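Lettering follows sequence order; numbering is per chain, from 1. Keep in mind it's a predicted model, so treat the numbers as computed, not measured.
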Amino acid sequence: MTDVRVRFSPAPTGFLHVGGARTALFNWLFARHHGGEFLLRIEDTDVARSRQEWVDGIQHTLEWLGLHWDGEPVLQSTRFDRYLEAADHLVKAGRAYECFCTEDEVKARNEEALAAGRTPGYDGRCRSLDPARRASLAAEGRPRSIRFRTPDSGTSGFDDMVRGPVSVEWPTIHDFVIVRSNGTPVFFLANAVDDADMEISHVVRGEDLIDSTHRVLALREALGHAGRPKYAHLPLLVGADRGKLSKRHGAVALEDFRDSGYLPHALLNYLALLGWAPDDDREVMSIDEIVAVFDLDRVTHSPAFFDYQKLDWMNGEHIRRLQVHELAADVLPFARERYGERLDVRVFEAAVGLARERATTLVQIADQAEFLFVADGDLVVADTSWDRLVATERVREILDAVIAHLEKCEWTVEAIDLRPLLETLGLKARKALPAVYAAIEGSHAGLPLFDSIHLLGRGSAVARLTAARERLGPDR
RNA sequence: GCCCCCAUCGUCUAGUGGCCUAGGACGCCGCCCUUUCAAGGCGGUAACGGGGAUUCGAACUCCCCUGGGGGCACCA
C-alpha cells in the first residue's frame, strides 16, 4: 500500500477520551506502518460548543501519548469560506436547497412523527419552493439553512476495510442540513470538503460514524471530486454495562490516566489490543513492535470492553521493562508534588528501584516511598498496621532487640538484616517483621524492610522504632 | 418506529471447513518462592447464544430467531 494519508479529526468539545485516543492511535499506527502521513484536523464547526482550551488540551495529550502528527493542524473554523463556497455551488447545481423551516419546527414535526409511530426525518417541504415563495419567506426574515437533497431511490454503498460491503437504501436517508441558519457549515460538508482537499486516502474512525459515511460520500460526489477514500470503521469501546464508555464507568479522560500514573506506552499498548491483535501471542509490546506488525486487516468487529484491571497489569509490565533511572525520571514529578523540598533524589532513585517490582502505577511508586520523605514525628502508622503491630507476639521484646541491634550494627543492608537476630530469639521472621514494617514505614506492607531501613538512616530508624515502643507502653 | 453493524471463556482475543477433546492474556482460585506487600514460577476454573441448511466433516459458509451496540440533529 502506498501514499497513505490519514487524519485524526476530533471535535474540541471536551478532553481527549479513551475512545478518541484509540481512534487516533489506529490512524497513527496505520500511517507509520505504511510510511504514510498522519494529519490532525480540528473539527470545530460547531462554534458554540468548541473551545480553544480543548483544542490545546487535545494537542497536548496527543503529544504526551507520543502520537505526533505531520504538518500543521487544520482548523475547520478557519476554512468556513471554503465550505460555504461549496454549499453555494451545490445550491446552484440543484443538489441542495434553501430551507426556511426553523429548527424548532423540524424538531416538533419529528417528535410528532415519532409519537405517531412514523419514521422521523425531514419531510422535504422546502425542497421545491418556487423563487417567488422563497423570496417572500426571506423577506419575512425567516431563518434560512441549506439542505442537501438526497436521492429518492437507489442504494448507497461502500466497501469498508474492516466490515466489508456496507449499503443502505437512499429513501431511508432524509435531506440534511449542510449550512446552519446562522451561516456556519455542518460536519458533513466540512468533512467531505476537507477529506478531498487534504487528499485523505483512508478514513479510520469509530463505528458510530458508519451511517454518516453515505452522506459524506454523496456530498463528495456532488462536489465533483473523483474517487473516494477507503473507509475503515473501528469497533466501539464500551463500559461495564456494554454501553458507550463514559465517565460513570471510571476514568475516561486521558489526562486522568496521566495523573494517575499510567505510562503513555502502556496505555497505547493496551489500547492497541482493543480491537486488534497481532498474529502471534504477544501482548506486552513496544510501540515499534506494534508499528511493525499493525494493519487494519486484523481489526476485530465487535465492541470491546475497556478493562481497567488489565490496563493496570499492562502498566506494571511496562514499568518493569524500564531502566530504573528512566522510571525514576517518570515518577519524579509525582514525588516532587508530594514531598517537595524533603525529596532526596539519591534516596528516591533507590526507592524507585525497590518499588519497581511491586507497582502498577507511577503514583503507587511515589506513595510507597512516602515514609522516606516525612519527618520521623510526622510518620503516620495506619490503624490496621498498628493493630497488627499490637497483636504481634512478644512485640515489646522484638522492638527492644531491633533497636539495640540497629544502634550498633554496621550500616549495610547485609548487617541490618534482622533475620539472624529473630532466629536467636526463636521468632519467625514472617510473624515478627510486619510489626517492624509498621514502625518504620507506617504500614505493615511496603518496600523491603532492610533496604528501607538502610535508606532511612540509623537515626530515623531508631527514632521511629523507639516512638512505636513508647506508644506501646510497658507490658502490663 | 425505521436503518445499519455485531455475536468464541466474566473480560480482551486466536481461530478463516478437518491441525479444536477450541489456544493465549487479564481476572479469579490453589500451590511454590518469600523479609511484609507485590513481582515471579507452576497448576486450575471458564466460551463457540439458539434453531435450521450446505458438507464426508462445521467456531469457521448460508438462512431464520434471539441478544447486544450504533444511527435516524441546524453534535461530530
Compare side-chain N and O positions of [X] against OP1 and OP2 of [N] and report whether any pair is under 4.0 Å apart.
{"X": "A/Arg215", "N": "B/A76", "value": "no"}
{"X": "A/Thr45", "N": "B/A76", "value": "yes"}
{"X": "A/Ser181", "N": "B/C74", "value": "no"}
{"X": "A/Arg147", "N": "B/C74", "value": "yes"}

Give the rounded distance in Å between these two atoms: [atom1] of [X] and [atom2] of [N].
{"X": "A/Glu370", "N": "B/C37", "atom1": "CD", "atom2": "P", "answer": "20 Å"}
{"X": "A/Asp208", "N": "B/A73", "atom1": "CG", "atom2": "P", "answer": "15 Å"}
{"X": "A/Asp160", "N": "B/C6", "atom1": "CG", "atom2": "P", "answer": "9 Å"}
{"X": "A/His233", "N": "B/G70", "atom1": "NE2", "atom2": "P", "answer": "15 Å"}
{"X": "A/Tyr437", "N": "B/U35", "atom1": "OH", "atom2": "P", "answer": "9 Å"}

Looking at B/A25, does its base get a donor-acceptor pair with the side chain of A/Lys310 below 3.5 Å?
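Present.
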Salt bridge (charged side-chain N to carboxylate O under 4.0 Å, His left out) partners of A/Arg147, counting only residues at least two apart:
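None.
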What integer number of Å spans the [atom1] atoms of [N] and [M]?
{"N": "B/G50", "M": "B/U11", "atom1": "C1'", "result": "23 Å"}
{"N": "B/C9", "M": "B/C20", "atom1": "C1'", "result": "15 Å"}
{"N": "B/U55", "M": "B/U13", "atom1": "C1'", "result": "29 Å"}

Among B/G24, B/C2, B/U35, the one nearest A/Thr172 by side-chain distance:
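It is B/C2.
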Using a 4.0 Å heavy-atom cut-off, does A/Phe305 contact any base of the nucleic acid, only the sugar-phosphate backbone, or nothing at all?
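Sugar-phosphate, backbone atoms only, no base.
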